[in-house]
K.L.:
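Here you go, one structure.
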Amino acid sequence: ETHEIRTNLDSGEVVLSAGAVSSPHLLMCSGIGCGTADEKVSLPVGLNLQDHLQLRQVFKLAEGTTSLNPIANSMIGRMRIGIEYGLKQT
């Protein structure tokens, strides 16, 4: 897993991005989140987190049928697709 850290201090604002689950968790660990009225910062952080249903569809092709996958998964194939699109707009 690759993590990228960027720092930009020109506007005085802070943008925190650590993903859908980690960002609210990091904010709450930092003391920013659903707190009492006497706290400086009280944001609805970490509320309504929901998992999203994802379905993966797998199809079996008929004998002799080719798929775009082997072409699209190679660099030469992607270049061929790009050239074909540039020439034929298809």
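On a predicted model such as this, the values are computed, not experimentally measured, just so you know.
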K.L.:
To the nearest 0.5 Å, what is the distance between CD1 (Ile76) and CD1 (Ile81)?
P.N.:
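Here the rounded value is 12.5 Å.
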K.L.:
Please find the pair of heavy atoms, one from Asn73 and one from Arg78, that lie closest to each other, and give the distance.
P.N.:
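For Asn73 and Arg78, the tightest heavy-atom pair comes out as C-NH1, 3.8 Å.
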K.L.:
Does Thr66 have any side-chain contact (heavy atoms from CB on, under 4.5 Å) partners at least two apart in sequence or in another chain, and if so, which?
P.N.:
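Residues passing side-chain contact (heavy atoms from CB on, under 4.5 Å) with Thr66: none at all.
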K.L.:
Which residues, ordered by chain and number, are linked to Met75 in its hydrophobic cluster, where ILVMFWY side chains connect at heavy-atom gaps below 4.5 Å, directly or through other members?
P.N.:
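Reading the cluster by chain and number, Met75 sits alongside Met79.
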K.L.:
Taking CD in Glu63 as the centre, count heavy atoms belonging to other residues, nucleotides or ligands within less than 6.0 Å. Is the count above 12?
P.N.:
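Atom CD in Glu63 is not packed in, count stays at 12 or less.
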K.L.:
Could you list the residues that satisfy side-chain contact (heavy atoms from CB on, under 4.5 Å) with Leu61, not counting sequence neighbours?
P.N.:
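side-chain contact (heavy atoms from CB on, under 4.5 Å) check on Leu61 returns Thr65, Ser67.
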